[in-house]
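Everything below concerns the one structure shown next.
In what follows, residues are counted from 1 in the order of the sequence shown. Ligands are counted one by one from 1 in listed order, and the atoms in each one are counted from 1 as well.
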Amino acid sequence: MKEKSQKELIITIDGPAGSGKTTTAKILAERLNFFLLESGKFYRFITYWLLTNFPKRAPNFFFQEKEENQKKLLEEIFKSLQIKCSITGTELWYQNRELKEELRSVEVEKFVSRIASQKIVREWVNNFLRFLAKGKKIVAEGRDMGSVVFPNADLKIFLTAKEEIRTQRRHLEQGLSKEKVQELLKKRDELDSKREIAPLQIPEGAYIIDNTDKSPTEVVNLIQKIIEEKIGKIGLTDEKW
Ligand code: CDP
C-alpha cells in the first residue's frame with residue numbers, strides 16, 4: 001500500500017443507482033465519525049448549474065464547446081459553489097442556499113450521466129475530491145471511488161441490489177411512477193457502465209455486498225466486521241472541516 005499520512009483513512013463505497021450507497025455511507029460515516037464525501041452531488045451540481053444558467057440550451061451544448069471554453073465554464077461553475085462537509089454528508093451551497101431536491105430533479109437525472117461521461121468534467125471533479133479528502137478520514141461514495149479516485153483506499157466496498165428493488169427504492173423516494181423511475185435508472189446505469197472513462201465497475205480488491213435482502217443496518221454491521229478484520233479498530237476523529 002502507498003504510504004499515507006497517519007491521519008488519512010479512506011473507505012470507498014461504489015455501486016449503481018439505488019443500490020443503497022448513500023444510505024449505507026451515511027450510517028457508516030456517522031458510526032465511525034468519518035467525513036462523508038458524496039461524489040455524485042458534484043456531477044449533479046454541474047448539470048444543475050448548466051440547466052439553470054443556460055435554460056434555453058440543453059447541457060448538451062457543453063459537449064460542443066471547445067476544450068478551452070469548457071475549462072472556463074467549469075472554473076465559473078466551481079467558483080460559484082460553496083461546500084460544507086461533515087459526518088452527515090456533503091452540502092453543496094449555491095447563491096447562499098443549500099441545494100437539495102434541485103439536484104435530484106428529473107431534468108438533472110436526464111442529463112447528469114452524459115455530463116459525467118466527459119473527461120474534462122471528471123478530471124475537475126476528481127481533483128476536487130482528492131483535495132477535499134487530503135489527510136482526512138473519509139467514507140467516499142460514488143461510481144469510481146475505489147477504481148479511479150482513491151485506488152489506494154484502505155477498504156473498498158461494491159454495493160449491488162436487484163434492479164427491481166433499486167427501482168422500488170427510487171420510486172418511494174422520488175414519488176415518480178415506477179415506469180418513469182425504471183426508465184431513468186436504466187438509462188443512467190447503461191451510460192455509467194458503458195462510458196469510456198471511469199465506467200462503473202467493481203474495483204480491484206473490493207468486497208461485494210448484495211443488499212437485495214438486507215437492511216441498511218445489516219449492511220453497515222457487515223462492513224464494520226470487515227473493517228475490524230481488515231484494518232482493526234479505527235481511531236475516531238474529532239477534526240472539523
Ligand atoms: O444516488 P445515485 O446513485 O442515483 O446517483 P449519484 O451518486 O448522485 O450520481 C449521479 C450520477 O453522477 C451518476 O449516475 C453518474 O453518472 C455520475 N457519477 C459519476 O459518474 N461518478 C461518480 N463517482 C459519482 C456519480
Sorted by chain and residue number, the residues having a heavy atom closer than 4.0 Å to an atom of ligand 1 are A17, K21, S39, G40, Y43, R44, R104, V112, S113, A116, R122, G142, R143, D144, M145, R170, R188, D192, R195

Members sharing L200's hydrophobic cluster, built from side-chain contacts under 4.5 Å between Ile, Leu, Val, Met, Phe, Trp and Tyr, are F158, I202, I208

Between the CG atom in N126 and the CE atom in M145, the distance rounded to the nearest 0.5 Å is 6.5 Å

**Message:** I'd like to know if the side chain of K225 reaches the main chain of V220, judged simply by a donor and an acceptor atom lying under 3.5 Å from each other, with no hydrogens or angles considered.
**Reply:** no

For this session: May I ask you to say whether D144 pairs ionically with R122, meaning some side-chain N is under 4.0 Å from a carboxylate O?
Result: yes

Which word best sums up how the rings of F78 and F45 line up, parallel for under 30°, tilted for 30 to 60°, or perpendicular for over 60°?
perpendicular

**Study point:** Polar side chain donor-acceptor pair, K180 to Q174, under 3.5 angstrom
**Key:** no

